> 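Sharing a structure, written as structure tokens. Questions coming.
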There are 2 protein chains.
Amino acid sequence: MSNNVTTTEKGPARSRAATRSAATPPAGEIGLGMLPELIGYHVRLAQMAVFADFERSLGTLDLSPGLFGLLVIIEANPGLRQIQLAAAARLDRSTLVPALDKLEARGLVERRAAPDDRRSNGLFLTRPGAGLLQRAKAIVRDHEQRIAGALSAEERAVLVRCLDRLAPEVRES
Amino acid sequence: MSNNVTTTEKGPARSRAATRSAATPPAGEIGLGMLPELIGYHVRLAQMAVFADFERSLGTLDLSPGLFGLLVIIEANPGLRQIQLAAAARLDRSTLVPALDKLEARGLVERRAAPDDRRSNGLFLTRPGAGLLQRAKAIVRDHEQRIAGALSAEERAVLVRCLDRLAPEVRES
DNA sequence: TATTGTTATACTCTATAACTATA
DNA sequence: TATAGTTATAGAGTATAACAATA
């Protein structure tokens, strides 16, 4: 099996690549080789497209996808310690610090000294933080409908189940 | 509808969150709020897991996923111009320069002055570059089997088709 | 004037290692 | 000794703006 130069496998033999070995491949006919056969390639493109919409949507509130995720987790777990939040968000604890600094500087999140262990901080949403998050969640639900609008509820469920089954060995964490 | 603190929606009311407002949520019970309802969340986790395996696999050859993709596209389109490669790889042309510098410094890729337009370079794999790419492709095929091994051929096809239908509006490029 | 490749620069996200204050 | 948070630092990966050579 040789590589496809174009995406189509069959069809009449085009003018051979060798015929124009030093020439420029015509625009619009640039092949991607084996890349479209790789699931990771499609996952990456989907990620880029979904995140572009996500970022543009939340940009209204000056929130990144990452900061939004932190707010959601803090809301679901009031009093969470930084190290626990880092684990839940799959970040290093040092990565979390500047992110929380931003949220705290904007008055959305509060670090309260933990009563039982003075090394730790308990994390809480402030009232403005909770309010902003409610608006953000509404925006994110709109985003979700926009990006997945072409898929039925069943297709979405299948998609998520397939995604969750990818690279199981890497996920033992 | 209030937010779920844990992932489970129903079930007997647990000790109220208010009861331990300043306490630490027990480890292993950290909820993720609405995040698991978002397709983008699962896409991102899958991306991270797949890329981790991809990077580890190709690391053997000191190749990143990005550099591998460039080699594949050049192989499929000998003589490609940098601006065309940038478009195919969805990179800015300025981003491509240091990547090609790396590949050229390792003797894997050659920039040849284009005969018809002296502003442009035609890109070609060297013989060692083509050889390395063959080995890389074999590694990547193994990687593909490893990450998608839990999915049938049909499931993989469904997954890819669903992924390609996400965020269609953002993809008009 | 417009385009190709390049350079300088900067921004985001992330991690590692070392420090501090507690435990 | 070990852990929670912090700091300093660095490395990918990406982009924008400006420049030289060429069209």
Side-chain angles (χ1 to χ4, degrees), chain A residues 24-25 27 40 44-45 47-49 51-52 54-56 58-59 62-70 74 79-105 109-123 173, chain B residues 23-25 27 30 44-45 47-49 51-52 54-56 58-59 62-70 74 79-105 109-124 173:
Chain A
T24 307
R44 175 163 167 267
L45 290 187
Q47 231 265 31
M48 285 171 49
F51 261 57
F54 198 127
E55 271 187 308
R56 195 167 53 80
L58 278 179
D62 198 33
L63 272 185
S64 68
L67 294 183
F68 171 77
L70 296 181
I74 294 171
L80 199 66
R81 311 288 162 104
Q82 290 186 204
I83 202 166
Q84 293 178 304
L85 177 56
R90 296 163 185 254
L91 296 174
D92 190 88
R93 67 193 201 274
S94 70
T95 305
L96 186 61
V97 173
L100 286 176
D101 288 347
K102 272 186 217 164
L103 294 175
E104 202 171 30
V109 162
E110 214 181 337
R111 285 163 160 123
R112 289 187 209 156
D116 55 313
D117 183 343
R118 281 154 55 204
R119 295 172 301 182
S120 307
N121 296 324
L123 300 173
S173 70
Chain B
T24 306
I30 299 177
R44 174 161 168 268
L45 290 187
Q47 231 265 34
M48 286 171 50
F51 260 57
F54 198 128
E55 271 189 306
R56 196 166 53 82
L58 278 178
D62 198 32
L63 272 184
S64 68
L67 294 183
F68 170 77
L70 295 180
I74 294 171
L80 199 66
R81 310 288 161 103
Q82 288 186 205
I83 201 166
Q84 293 177 304
L85 177 55
R90 296 164 185 252
L91 296 175
D92 189 87
R93 67 192 200 276
S94 70
T95 305
L96 186 60
V97 173
L100 286 176
D101 288 347
K102 272 187 217 164
L103 294 175
E104 203 171 29
V109 162
E110 214 180 336
R111 285 163 161 124
R112 289 188 209 155
D116 54 312
D117 184 343
R118 282 152 57 202
R119 293 172 303 184
S120 307
N121 295 324
L123 300 172
F124 298 88
S173 70

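Each chain gets a letter, A, B and so on, in the order the sequences are listed, and its residues count up from 1. Note that the structure is a prediction, hence the values are computed from the model and not measured.
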> Among residues at least two apart in sequence or on other chains, which ones pass salt bridge (Lys or Arg N to Asp or Glu O under 4.0 Å) with Asp117(A)?
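If we apply the salt bridge (Lys or Arg N to Asp or Glu O under 4.0 Å) test to Asp117(A), skipping adjacent residues, the hits are Arg119(A).
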> Do any N or O atoms of the protein come closer than 3.5 Å to N or O atoms of nucleotides 17-23 of chain D, and which pairs are they?
| from | atom 1 | to | atom 2 | distance (Å) |
| --- | --- | --- | --- | --- |
| dA23(D) | OP1 | Arg118(B) | N | 2.8 |

> Give the nucleotide from the list dA15(C), dA15(D), dT4(C) with an atom nearest to the side chain of Thr95(B).
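Given the options dA15(C), dA15(D), dT4(C), the side chain of Thr95(B) is closest to dA15(D).
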> In this structure, how many angstroms lie between the P atom of dC13(C) and the CG atom of Leu63(A), rounded?
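Roughly 12 Å, once rounded to whole Å.
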> In whole Å, I'd like the distance from the CD1 atom of Ile83(B) to the P atom of dA15(D).
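Atom CD1 in Ile83(B) sits about 14 Å away from atom P in dA15(D).
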> Calculate the interatomic distance between Gln84(B) atom CD and dT4(C) atom P; express it in whole Å.
9 Å
> Mind calculating the distance between CD (Glu104(A)) and C1' (dT6(D)) to the nearest angstrom?
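Those two atoms, CD and C1', are 13 Å apart.
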> How long is the line joining CG of Leu80(A) and P of dG5(D), in whole Å?
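It works out to 9 Å between those atoms.
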> Does OP1 or OP2 of dT3(C) have a side-chain N or O of Gln82(B) closer than 4.0 Å?
no
> Looking only at the side chain of Leu91(B) (C-beta and beyond, no hydrogens), which of the listed nucleotides dA15(C), dT6(C), dT14(D) gets closest?
dT14(D)
> Under the salt bridge (Lys or Arg N to Asp or Glu O under 4.0 Å) rule, collect the residues that match up with Glu110(B), sequence neighbours excluded.
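If we apply the salt bridge (Lys or Arg N to Asp or Glu O under 4.0 Å) test to Glu110(B), skipping adjacent residues, the hits are Arg112(B).
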> Please report, rounded to the nearest Å, how far the C1' atom of dT6(D) is from the CG atom of Leu100(A).
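About 12 Å, once rounded to whole Å.
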> Can you give each donor-acceptor pair under 3.5 Å made by side-chain atoms of residues 91-98 of chain A, sequence neighbours left out, with the distance rounded to 0.1 Å?
| from | atom 1 | to | atom 2 | distance (Å) |
| --- | --- | --- | --- | --- |
| Asp92(A) | OD2 | Ser94(A) | N | 2.9 |
| Asp92(A) | OD2 | Ser94(A) | OG | 2.8 |

> Would you please name every residue forming a salt bridge (Lys or Arg N to Asp or Glu O under 4.0 Å) with Asp101(B), sequence neighbours left out?
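So Asp101(B) forms a salt bridge (Lys or Arg N to Asp or Glu O under 4.0 Å) with Arg111(B).
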> Checking Arg118(B) now: which residues fulfil salt bridge (Lys or Arg N to Asp or Glu O under 4.0 Å) with it, not counting sequence neighbours?
none
> Mind checking whether Leu103(A) and Leu123(A) have side chains closer than 4.5 Å, heavy atoms only?
no
> State the CD-CD1 distance between Gln82(A) and Ile74(A), to the nearest 0.5 angstrom.
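Going from the CD atom of Gln82(A) to the CD1 atom of Ile74(A) covers 9.0 Å.
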> Return whichever of Arg111(A) or Glu55(B) has its heavy-atom-nearest nucleotide of DNA chain D closer to the 5' end.
Arg111(A)
> For Arg90(B) and dG13(D), what is the distance between atoms CZ and C1' respectively, to the nearest whole Å?
17 Å
> In whole angstroms, how far is the P atom of dT14(C) from the CZ atom of Arg44(B)?
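Arg44(B) atom CZ is separated from dT14(C) atom P by 6 Å.
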